[in-house]
Each structure stands twice: as C-alpha cells, then as structure tokens.
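Since the structure comes first, as structure tokens, the remarks are kept for the end.
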Amino acid sequence: MSNIIRDLAKDNDFTSGRPVNISRRGFLLGSIGTAAGSLVLGFGLPVRPALAQALAVMTPGTRVPAFLEIRPDNTVRFMSPFVEGGQGIFTAMAQIVGEELDMDPSSFSVENAPTGSDYLIIGGKMRITGGSMSVRMSYDTMRRLGALARAMILEAAAKRLNVPVGEMTSEPGQVIHAASGRKLTYGDVATDAMSLPVPAAESVSLKERSQFRWIGKPIKRLDILDKSTGRAIYAIDCKVDGMLQASVQHAPRLGMAVGNIRNEADVRAMPGIHSVHRLPGAVAVVAERWWNAKRAAEALVVDWIEAGSKPLIPGTRNMPADFSTAAFSERLANEPGTGKDAETAGDAPAVLAGAKSVVSATYRSQYLRHAQLEPPSALARFNDDGTLDVWAPNQAPEMFQAEIAKTTGLDASKISVHSPLLGGFFGRHFLYAAASPFSQAIELAKQVGRPVKVIWTREEEFLRDPLRPMASVRFRGSLDDDGMPAAIEAISICEGPTEGLSGHDENKIDETAVEGLTGKAYAIPNRRIAQIYVENPTMLAYWRSVGNSMNDFFYEAFLDEMADAGKQDPFALRLHLLKDNERLSNLLKAVAEASGGWKRGPFTAEDGSRRARGIAMASPFGSHAAAIAEVSIRAGEVVVHDVWEAIDPGSIVNPAIIEAQLNSAIALGVSQVLIEEAIYEQGEPVARNYDLYPILPPSRMPRVHARIVESGAAMGGIGEPGLPAIPPAVANAVSTLTGRRVRSMPLSQYRFES
C-alpha cells in the first residue's frame, strides 16, 4: 500500500474514538483504501525476482511486465505511458491493449506509468502527452503489447495443462483447450505467464479489423466512477508521512527578485508557521496546515528588486514595467518587413504585384490563459537512501526528471516523478520555467528537511501561467477573372511557443508559429506563408491545438473575405478549391448535410431572431475537421446557437470519446472567440481570477451536433483537431450577419447592433 493511501486511511481513522474533522471528499478518499486499484499512483508494478528480464534492455513498449499485472481475480492493472487529463486516454489504452490481449477493457484498472525507458514509445525515444499524439503514435505498439501478453498467457496455460501451445485458444479473460474442454482464467496462470520471457515482437500476429470486439466501439470511460465519487487522486490530494505545506507569493512582475521582507519576524511568529523562505522570484511560507501558510504568505510585505538588462532568474524573461497588451498588439500589427518564408508555391509576390485588385487585411489574436480548474501543486520528499520523490502534474515525466536531475545534481535514476491525474490540461503541464511549483517544493523540502507540498492559489496561477502567444497576420490575396483566389500571402508576426521555450533560431521557422497557415489543402496556385519573429516579454506555452488555435482563425476568415470580394459563396468556394481532394470534399459535404444543408443567411429563425451561418475547416494533428456555426446578436453580444462539426480522424478507437472531445473542443473554441483574453497593464495581468478572466458559462454553450467520418486513412489525433475550425466559423457567421468584418478575437471587443 502506498504512503498516500496509508496517510489517507490514517487521517480518516474512526476506530480510535477521537474527534475527526474531515471533508466529504476526504472521507471518500480515505475510506476506499486499496480496493479501488486506481488509487495507487505511479509507483509502477512490483518487480518480482522471477522476472529475469526486469533489467534487460528491450524495445520500449515490449516488456510486458512493465505495463501489465493480471491479478488472480482476473482483473488487469495497466500502466499507461500517457497521462490522463480528462481526454479518455486510460479507456483508449485499455481498449487497444485489451483487444489483442483478449480481455474486456472494463476489467482494467489504469494508472499513469512511472518514469522509465519502457515507456518511451514515441519513436522509441520519448513520450509526451500532447499534440494529440497519444493514441495515434502508440496504437500499433499497444496492440502488439497486448498480443505479446496473450502469447505469454497461452504458453503458461499450455504448460499448466501439459498440452501443445498451438492447441490453446482464448475467449475474453479465459484460455481454452478445446480438445479436452478444459478452461483456465487469465488470473489462474498470470503469475507463471509474467515470469516467462517476452516473445519476439515479430512473432505475434494482430487481429484483422473485422475481428475487433472493442476497438471502434463506444466503451464507457474507466475513470468516470472514481471521479464522480471523489476517489480520483490529483496532485492536490497527495500526502506522505511528515509532510509540511507551503504557500507562495510571487513577484508582481516576471523577472523581479526578492529583496527585503519588511515583516518577516512578525510572520514567523504567526500561529502554525514553520518557516519563511526566499525563492527565485517568490517568497514562501511553510506551515503544518496550508491555510495558515496561505494567510501568512499573503501577509508578507516584500521589497521586490527590479531586474536589469539580464534576467535575475534563470530561464525567465523580464517583464517591462510599462508593458501593455494593447500596445504590443499594435506593434505586432505594424511591424515592418516581409518575413522569412515558411511555405511557398508558385510565385505569389509576382502575381500579387501584377493583379488588377488586391484584397488586403490585417488580423489579430489575443493572449490566452490555460485557466485550468485545479490550482497547481507539487509534493517533494527526499528519502534516507538519497533518492527523491516528486509528485507533480505533468505531460512529460522524463523531461521533468531530467530537469530535476540537472537542478539538484542527483542522478536521474535516483529521482522518481509520479504523475497524478491532471485536473487541468490544454498544454499547461509541460516544462515551463517559473511556471510550475515542483521546483519550489523540491527546494523547500531540501531546506526544511521534511516533505513539502506547495499549492498555488488561483491568484498565483493567473500571475505565472505561461500564455498562448499573441499574433498578427498581414494578408494579401488576388482573384482571377472568375473571382477565384489566384494568389495568397500571409505574413505572421509572432513568436511561436516552441521557440519561446527553446530559443529562437534565425535559420529556422518555428512550425508552431505558422501551422494552420501552412499546410492548407486549398488549391490556390500561388502561395507564400512567412513569419516575422517578434519576441514576447511574457512566458509562452502550448495551448490546445497550439498554432492552429489562432492561425486557422486568421486563414479561414480571410478566405471568406476573398470569397466576398470575388462574389463567391464561401461554402461553394471551399468545395471548388477542394475538388481534387476527395477526403476533404466528403468532409465538407458531411458537415453541410449534418446542418440540414448549407445556408449562409442572414435569415429569420423560427423564434424571430435574425441569424447567419459561418463555415471553416482545419487539418491539425493528422485529422481533418469542418464546422458550421449559427449565430445571432442579442443585446449587442454574439449568441452561438448551434455548432455542427464533422471530423475525419482516419481510423478510430472509441467514438464516444471522440464525441466528448468534440464537445470539449467546441466549448473551448467558442470561449476563445467570444470572451477569453489575457490583458496586461503596467507589466501586470489585469485578471487574477475568473472574475476578470471569464470562461464560457453553460448559458452560452451552443448545441453541438457531432459527426464522425471514418475514412479509414492513417489514424489522426482527437483531443485538439476539433477546436481550430470553431473560432473562424463563428467569426464568419458574425461577419455575414452584421456586414462588419471580424478580424480579431475575442468578439467581446466589439459591440454589435442587435
């Protein structure tokens, strides 16, 4: 039993007769004990001496005992190489592995896997949970893993029954010897099976798609019961023996350092306070109870030191005292230059230079926060044997392990990174400097000599959350004599999130800065996509669908402008430009059919409101999506009534998860285009909580009509592709309805006539 479960059980011990003050959630967590297998967090499967291959070097994704524990009760404990953050990855992994193992996914208990080379299954070199890569990049590997495990089960059963292994077959959870009529459950022979050598990967064959029992079916999510009954463990729930709690106060502007603490002695004397600490860019208070630490941290009066020409804190940037997002947006929109080519076809500059008329427009997008619901937290414990345990929400365990090794001087083998369920996602939990409390927890644990859990308040999260980049794009387009696009040029002025993290390379284009502008399938013969690099003073991050989240808005909205200039219907224009692309033509027709047939409007709805529809497409992360949005204006604000979205992910694992992900992506896309915006004034964020950073409320969520078009092509992503087409579909509908071209987000910046 893990320390976490022991401590939870101890904290909720009713047998002693002493008074116990607990929350309902605390009771649920503590009273369940180990019965709910999924409560054991990332400690890995037990290593038995009989496993001769335990230390052998094997191809990632093939060492079966690292992933699977088949229990005597015929249930399966599976270590997922990818982190569950609400996207349904645990269920998908169980479906894929269970299909080839011949084990019902409902019998699986799935956990986030610990760090280790066994789990580096993306190209055999890495693993991250992001970029909509989890299922599509591991599908074949996880199927083969299940098949290898089944082969081991059959071999163990054959030895038990003293028959040739070729006479053994399986049904879900059972091994069958048809000749004698004997049967064994997987649990009966699992211990023997897992002690056998893993067969060669190429020795097993995989099922034909026609044989699938579970892949392609809407299997129920495995994590919903634990989440709905309070049993799910997030980082904020983690506990270990002897743990102290900490709260922090960050500098009001990024790059500032701690100077004098005016009332340090008074704060140290507050009830329940253990100690006060100086950290890079922050002060911290450690206490037995987090609430005491929070109140004390907020009470600290700090003289913050301004940074000079170089950052005082390694890996971060200096936020100017006069920085404002309004001024920075103007700078981006007016930045001179023609940029560096990211994608070209034909000769767009020459065609534009000789065109009779040119359509020109400048588009803008806003900074966005992740605005995750779970405040960041992390727990660190130095152990007597010289090892270090860290519990922290993350999307890349080995990256965190390597960073911790670098900063602590410990060998990576002595560092265990445990990955609880993510209570917030969207790209928030990658390795961002000064944006995660894990380094603070490690430093405080080192200083106080006890385990420390750090929890950031919502206000501290809004202060340090790295942002989706702001960008501006200058477009020029020309039309042929039939009103069809002959040339398009798009110059993006921005800093991409990847170069924001890893540094700008003058010799390269950051693909995340221009994706959604590049790679478009429309048959426009002359194209030029370019980037002008402008560094941000803010820390940047990946955000759901990354560059596509803003660039498809830019491109698809400008395409509507070109359609209007050429007196073309925007749906018919897209269909014409895709006439040689059967897959995308079918997708476009599918979304129109789902909406009852394309009608742009404006038109009068049954309730008497004036409405219009917009169309947009996007092709991120190996999948393709087309969306239609229907809008009206009420009291000067945009109302999105319905969204129809068709997605072609090639091949699918679970249609129910795809539909849920589409609903989620649509919600975030509508939230982005209508209301979300991170605003800075005088170098500080205006919003420090949801009161000034609103996210889409249920009352503004449109009706969603999802359609899955399974073309049978190579498998694409699911978590992110549903988002990018939504903002331009809404914006195009609003432009049609109002006659006023929308060229920036969010639409709350505009005031429309009802």
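For Glu681, there are no salt bridge (charged side-chain N to carboxylate O under 4.0 Å, His left out) partners two or more places apart in sequence or in a different chain. Contacts of Ser478 classified as side chain to side chain contact (heavy atoms under 4.5 Å, CB included), with partners at least two apart in sequence or in another chain: Val351, Leu352, Ala355, Ala486, Ala487. Partners of Asp341 under the side chain to side chain contact (heavy atoms under 4.5 Å, CB included) rule, at least two apart in sequence or in another chain, are Thr344, Arg528, Ala530.
With Arg610 contributing its side chain and Ile633 its backbone, the two residues share no donor-acceptor pair below 3.5 Å. Under the 3.5 Å distance criterion, the side-chain polar atoms of Ser138 are matched with a main-chain donor or acceptor of Ser134. Side chain of Tyr432 to main chain of Pro466: no donor-acceptor pair is present (N/O by atom type, distance under 3.5 Å, no hydrogens or angles). A distance-only check finds no donor-acceptor pair linking the side chain of Asp482 to the backbone of Met484 [under 3.5 Å]. Under a 3.5 Å cut-off, the side chain of Glu515 and the backbone N or O of Gly547 do form a donor-acceptor pair. The main-chain N or O of Ala327 is found under 3.5 Å from a side-chain atom of Ser324 such that the two form a donor-acceptor pair. The backbone N or O of Glu499 lies less than 3.5 Å from no partner atom in the side chain of Ser502, so there is not a single donor-acceptor pair. Side-chain atoms of Ser585 come within 3.5 Å of backbone N or O of Asn581 as a donor-acceptor pair. Judged by distance alone, the side chain of Asn732 and the main-chain N or O of Pro728 form a donor-acceptor pair under 3.5 Å.
In this structure, Phe426 has its ring center no closer than 6.0 Å to that of His370.
For Arg743 and Glu561, the salt-bridge test passes: some basic side-chain N is under 4.0 Å from an acidic carboxylate O. For the pair Lys589 and Glu582, the salt-bridge criterion is not met [side-chain N within less than 4.0 Å of a carboxylate O]. A salt bridge is absent between Glu676 and Arg468: the closest approach of a Lys/Arg side-chain nitrogen to an acidic carboxylate oxygen does not fall below 4.0 angstrom. Salt bridge absent: Glu720 and Arg544 never bring a charged side-chain N and a carboxylate O closer than 4.0 Å. Salt-bridge annotation for Asp322 and Arg253: absent, with no side-chain N of the basic residue lying under 4.0 Å from a carboxylate O of the acidic one. The residues Lys520 and Glu556 are annotated as salt-bridged, a charged nitrogen and a carboxylate oxygen being separated by less than 4.0 angstrom.
At least one side-chain heavy atom of Thr498 sits under 4.5 Å from a side-chain heavy atom of Tyr542. Taking the side chain as every heavy atom from C-beta outward, Leu668 and Trp543 approach each other to under 4.5 Å. Between Gln531 and Ile491, the closest side-chain pair of non-hydrogen atoms is not below 4.5 Å. Side-chain contact between Pro469 and Glu495 is absent, with no heavy atoms from C-beta onward closer than 4.5 Å. When side chains are defined from C-beta on, Ile647 does not count as touching Val709, because their heavy atoms never get closer than 4.5 Å. Put simply, the side chain of Ser545 reaches to within 4.5 Å of the side chain of Phe621, judged on heavy atoms. Under the 4.5 Å side-chain criterion, counting only non-hydrogen atoms from C-beta, Leu517 is not in contact with Glu343. Taking the side chain as every heavy atom from C-beta outward, Asn536 and Phe328 approach each other to under 4.5 Å.
Ring geometry for Phe558 against Tyr363 counts as perpendicular: the plane angle is over 60°, on a 0 to 90° scale with 30° as the lower cut. Ring orientation note: the planes of Tyr367 and Tyr680 are nearly perpendicular, at an angle over 60° on the 30°/60° scale. Below 30°, between 30° and 60°, or above 60°: for Trp598 and Phe571 the angle between ring planes is below 30°, a parallel geometry.
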Would Asp642 and Arg613 satisfy salt bridge (Lys or Arg N to Asp or Glu O under 4.0 Å), going step by step from the backbone distance to the final call? CA-CA 9 Å; Asp642 292 89; Arg613 291 182 179 181; over 6 Å; no

Using side-chain contact (heavy atoms from CB on, under 4.5 Å), reason through Arg317 and Thr538 one step at a time and then give a plain yes or no. CA-CA 7 Å; Arg317 298 179 176 183; Thr538 60; 5.7 Å; no

Show your reasoning for whether side-chain contact (heavy atoms from CB on, under 4.5 Å) applies to Arg574 and Ile615. CA-CA 9 Å; Arg574 286 172 172 81; Ile615 180 78; 3.5 Å; yes

Verdict with supporting geometry, Val673 and Leu747, side-chain contact (heavy atoms from CB on, under 4.5 Å): CA-CA 6 Å; Val673 71; Leu747 297 183; 4.2 Å; yes

Test log, rule side-chain contact (heavy atoms from CB on, under 4.5 Å), inputs Glu637 and Tyr750: CA-CA 8 Å; Glu637 290 186 338; Tyr750 297 79; over 6 Å; no

Are Glu630 and Arg600 close enough, and set up right, to give a salt bridge (Lys or Arg N to Asp or Glu O under 4.0 Å), and what steps lead you there? CA-CA 9 Å; Glu630 183 173 310; Arg600 189 183 189 191; over 6 Å; no

Could you check Phe475 against Phe554 for ring-ring contact (aromatic ring centres under 6.0 Å, His included), going step by step and ending with a plain yes or no? CA-CA 9 Å; Phe475 283 103; Phe554 298 141; 7.0 Å; no

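Of all heavy-atom pairs between Pro649 and Gly717, the closest is CB-O, 4.2 Å. Nearest approach of Glu645 to Ala625, heavy atoms of both residues: OE2-CB, 3.5 Å. Considering every non-hydrogen atom in both Gly131 and Arg136, the closest pair reads O-NH2, 3.0 Å. Annotation for Leu578 and Leu588: closest pair CD1-CD2, 4.5 Å, computed over non-hydrogen atoms. Here the shortest heavy-atom pairing between Gln749 and Ser744 reads OE1-OG, 3.1 Å. Counting all heavy atoms, side chain and backbone alike, Ala513 lies closest to Ser492 at O-OG, 3.8 Å.
With Asp648 as reference, Arg583 is the one residue of Arg583, His624, Arg707 to meet the side-chain hydrogen bond (donor to acceptor under 3.5 Å, both in side chains) rule.
A cation-pi geometry, defined here as NZ or CZ lying under 6.0 Å from the six-membered ring centre and within 45° of its normal, holds between Arg740 and Phe752.
There is no side-chain donor-acceptor pair under 3.5 Å between Tyr139 and Ser651. In summary, the side chains of Arg364 and Ser329 do present a donor paired with an acceptor at a separation below 3.5 Å, with no hydrogens or angles considered. Under 3.5 Å, the side chains of Gln395 and His429 contain no donor-acceptor pair of N or O atoms. One side chain, His641 or Ser632, offers a donor N or O that lies under 3.5 Å from an acceptor on the other. No side-chain N or O of His576 forms a donor-acceptor pair with one of Gln568 less than 3.5 Å apart.
Taking CG of Asp480 as the start and CG of Asn526 as the end, the distance is 11.0 Å to the nearest 0.5 Å. Atom CE of residue Met470 and atom CG of residue Leu540 lie 10.5 Å apart, to the nearest 0.5 angstrom. Separating the OG atom in Ser623 from the CD1 atom in Ile652 is a distance of 11.0 Å, to the nearest 0.5 Å.
Counting non-hydrogen atoms of neighbouring residues, nucleotides and ligands closer than 6.0 angstrom, the CD atom of Glu335 exceeds 12 such neighbours.
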